[in-house]
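Proteins come first, then strands; the chains are lettered A, B, ... in the order of their sequence lines, and each starts at number 1.
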Protein chains: 2
Amino acid sequence: MSKAANPVVLLIEDERQMRRFLRVSLSANGYQLIEAETAAEGMTLAASHNPELILLDLGLPDLDGLEVTQRLREWTQVPLIVISARGQEEDKIKALDAGADDYLTKPFGVGELLARIRVSLRRASATDDGQPVFTLGDLKVDLFRRQVLVGGKEVHLTPIEYKLVALLVKHAGRVLTHRQLLREVWGPHHSEQTQYLRVYMGQLRHKLESNPSRPQYLVTEPGVGYRLRLPSP
Amino acid sequence: MSKAANPVVLLIEDERQMRRFLRVSLSANGYQLIEAETAAEGMTLAASHNPELILLDLGLPDLDGLEVTQRLREWTQVPLIVISARGQEEDKIKALDAGADDYLTKPFGVGELLARIRVSLRRASATDDGQPVFTLGDLKVDLFRRQVLVGGKEVHLTPIEYKLVALLVKHAGRVLTHRQLLREVWGPHHSEQTQYLRVYMGQLRHKLESNPSRPQYLVTEPGVGYRLRLPSP
DNA sequence: GGCGCGCATCAAGAACTCATAAAGATGGCC
DNA sequence: GGCCATCTTTATGAGTTCTTGATGCGCGCC
């Protein structure tokens with residue numbers, strides 16, 4: 001990820017006035033701005049330009065802001081600040097839980113916005129990992145396209161199978177406990193159903209591994225959970 | 001740090017009412033609270049208890065909140081959320097630039113606070129990387145990945161073996177008594193079963209030491225307990 | 001030297017966890 | 001309504017891990 005002197009910020013906002021206001025404020029403070037008027041355009045630009053931060057207005061004409069947040073979070077951890085005219089607590093909670101890093105209610109001070117941008121960038125530069133395409137031997141997982149390839153051939157995964165793989169990819173190299181996996185994929189109520197995991201890990205191994213009974217990628221950590229191997233460097 | 005089921009939150013706040021309010025709200029939502037009334041006490045507790053998140057009131061009697069933020073940031077990246085009665089933009093900017101991750105103005109909704117706490121913890125658990133890798137000669141213990149390497153090769157440990165190693169690593173250099181080890185790993189009921197320790201220490205030595213009968217890393221302190229050597233500096 | 005004590009080692013069965021296959025349940029879609 | 005893919009549930013055997021008791025060693029003390 002380019003950590004240039006002038007960070008690239010993607011602004012997704014439909015109001016012209018607001019766009020102009022932010023364009024002026026941000027570029028005056030050393031940010032490079034790219035702009036989108038619709039959610040669709042915004043998501044395309046996010047993928048093509050790989051910005052270092054996204055400012056997202058919740059009130060877009062074509063798609064709900066929550067939806068945009070969730071879709072972005074499927075493949076990228078880029079800092080995402082939501083700005084919105086809606087100040088209801090419920091809106092904030094939903095946006096934050098959907099994956100936003102911060103939530104600002106209009107009208108807000110430019111100074112505060114800039115400070116919150118600095119916080120997000122500061123944190124991101126300390127982290128900066130994970131490309132949206134994960135490769136390990138024969139296996140390729142493209143979080144953006146939502147596509148899994150084995151030996152170049154596309155493999156079809158069911159929704160739950162995909163969620164599991166995506167989670168494992170996002171934390172590749174780490175052990176994810178049964179509880180963590182179950183909570184993220186099935187929800188907090190099912191965090192005791194370890195049998196689900198056994199069944200699904202079996203299915204995934206059949207789809208992803210060349211020798212499912214001797215897993216190379218998807219390894220069991222007995223008594224703890226599962227782990228996706230990292231590509232050996 | 002341990003992503004336990006109940007994250008430990010440190011609250012630094014001088015108003016009794018506010019403390020009670022937050023204590024109730026947070027513990028009802030599965031957080032373990034530790035409380036400080038003054039900045040001095042807060043910083044001590046932050047160091048001694050290693051909380052997973054800090055809630056800091058700006059208006060403390062003994063020290064300015066900004067000062068506290070800066071001092072904390074000198075040695076820890078723990079998520080830090082500032083709550084304050086002052087809603088001036090200038091205050092927010094200063095706190096955020098001093099190192100706070102978020103800033104909430106009183107009065108705020110509990111729901112929003114909880115959501116922002118979730119955001120901070122979510123990010124922290126995804127980031128945590130890079131810190132805690134213990135190295136001692138041939139031996140490497142990565143607590144974040146839950147991985148143990150000997151001479152660069154991964155070694156598989158059973159849950160109990162790993163718990164023991166993790167405990168020893170966390171207290172590397174110090175002697176852990178039989179009782180301490182047994183209580184932490186097997187639970188308070190088994191704190192007399194020193195035989196367990198003998199068996200497991202033996203297994204660990206076979207897995208970790210090059211010459212298990214002459215332990216270099218995992219040393220016995222006769223009559224007391226066991227100790228993991230510190231890397232000689 | 002004989003004895004007691006704490007420690008290390010070994011081995012075997014009990015208890016638990018995992019993998020796998022396959023049957024039953026659900027829900028969308030024509 | 002019936003089909004299909006998917007998800008849930010159950011059953012079973014294989015595989016690990018934990019516990020437990022037996023045995024041997026070394027050291028200090030009588």
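One atom, CD of B/Glu209, and another, C1' of C/dA8, lie 14 Å apart when rounded to the nearest Å. One atom, CG of A/Leu182, and another, P of D/dT9, lie 12 Å apart when rounded to the nearest Å. A straight line from CG of A/Leu197 to C1' of D/dT9 spans 15 Å, rounded to a whole angstrom. The distance from atom CZ of B/Arg179 to atom P of C/dG6 is 14 Å, rounded to the nearest whole Å. Counting to the nearest Å, the C1' atom of D/dC25 and the CZ atom of B/Arg214 are 13 Å from each other. Taking atom OH of B/Tyr226 as the reference point, atom P of C/dG6 lies 13 Å away to the nearest angstrom. The CD atom of B/Glu192 sits 15 Å away from the C1' atom of C/dG6 (whole-angstrom rounding).
Evaluation of the side-chain contact (heavy atoms from CB on, under 4.5 Å) rule for A/Val9 yields A/Leu26, A/Tyr31, A/Leu33, A/Leu53, A/Leu55 as partners, not counting sequence neighbours. Every residue two or more places apart in sequence or in another chain was checked for a side-chain hydrogen bond (donor to acceptor under 3.5 Å, both in side chains) with B/Arg229, and none qualifies. Among residues two or more places apart in sequence or in another chain, the side-chain hydrogen bond (donor to acceptor under 3.5 Å, both in side chains) test is passed with B/Thr158 by none. For B/Tyr226, the ring-ring contact (aromatic ring centres under 6.0 Å, His included) partners at least two apart in sequence or on another chain are B/His178. Annotation: side-chain contact (heavy atoms from CB on, under 4.5 Å) contacts of B/Leu230 (sequence neighbours excluded): B/Ala172. Partners of B/Glu221 according to the side-chain contact (heavy atoms from CB on, under 4.5 Å) rule, which considers only residues two or more places apart in sequence or in another chain, are B/Val175, B/Val219, B/Val224, B/Arg227. Taking B/Glu112 as the reference, A/Lys92, B/Arg116 meet the salt bridge (Lys or Arg N to Asp or Glu O under 4.0 Å) condition, with sequence neighbours excluded. In this view, A/Ser48 satisfies the side-chain hydrogen bond (donor to acceptor under 3.5 Å, both in side chains) rule with no residue, not counting sequence neighbours.
Residue B/Arg198 has a polar side-chain atom (N or O) positioned under 4.0 Å from OP1 or OP2 of C/dC7. Look at A/Arg205 and you'll find a side-chain N or O under 4.0 angstrom from OP1 or OP2 of C/dA19. For the OP1/OP2 pair of C/dT20 and a distance below 4.0 Å, the side-chain nitrogens and oxygens of A/His206 include no atom meeting the criterion.
We find that B/Arg179 and B/Glu192 are joined by a salt bridge, their nearest charged nitrogen and carboxylate oxygen being less than 4.0 Å apart. Using a 4.0 Å cut-off between charged side-chain N and carboxylate O, B/Arg23 and B/Glu35 make a salt bridge. Salt bridge B/Asp101/B/Arg73: present, at least one basic N to carboxylate O contact under 4.0 Å.
Comparing B/Met201 and A/Pro215 by the nucleotide of DNA chain C whose heavy atom lies nearest to each, the residue mapping closer to the 5' end is B/Met201.
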Might you list the N or O atoms of the protein lying below 3.5 Å from N or O atoms in nucleotides 28-30 of chain C, with each pair's distance?
none

Give me, pair by pair, the N or O atoms of the protein and of nucleotides 12-14 of chain C that are less than 3.5 Å apart, along with how far apart they are.
none

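For residues 131-152 of chain A, the pairs satisfying ring pair (Phe, Tyr, Trp, His ring centres under 6.0 Å) are A/Trp75-A/Phe144, with sequence neighbours left out.
At the heavy-atom level, A/Ser213 lies under 4.0 Å from the strands shown only through sugar-phosphate atoms. Contact annotation for B/Tyr162: no contact, since no heavy-atom pair falls under 4.0 Å across all strands. Nucleic acid contact for A/Thr220: sugar-phosphate only, since backbone atoms but no base atoms lie under 4.0 Å from a heavy atom of the residue.
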*Mark up nucleotides 12-22 of chain D, 5' to 3', with B wherever a protein heavy atom is under 4.0 angstrom from a base atom, S wherever such an atom reaches only the sugar-phosphate, and - elsewhere.*
-----SSBBBB

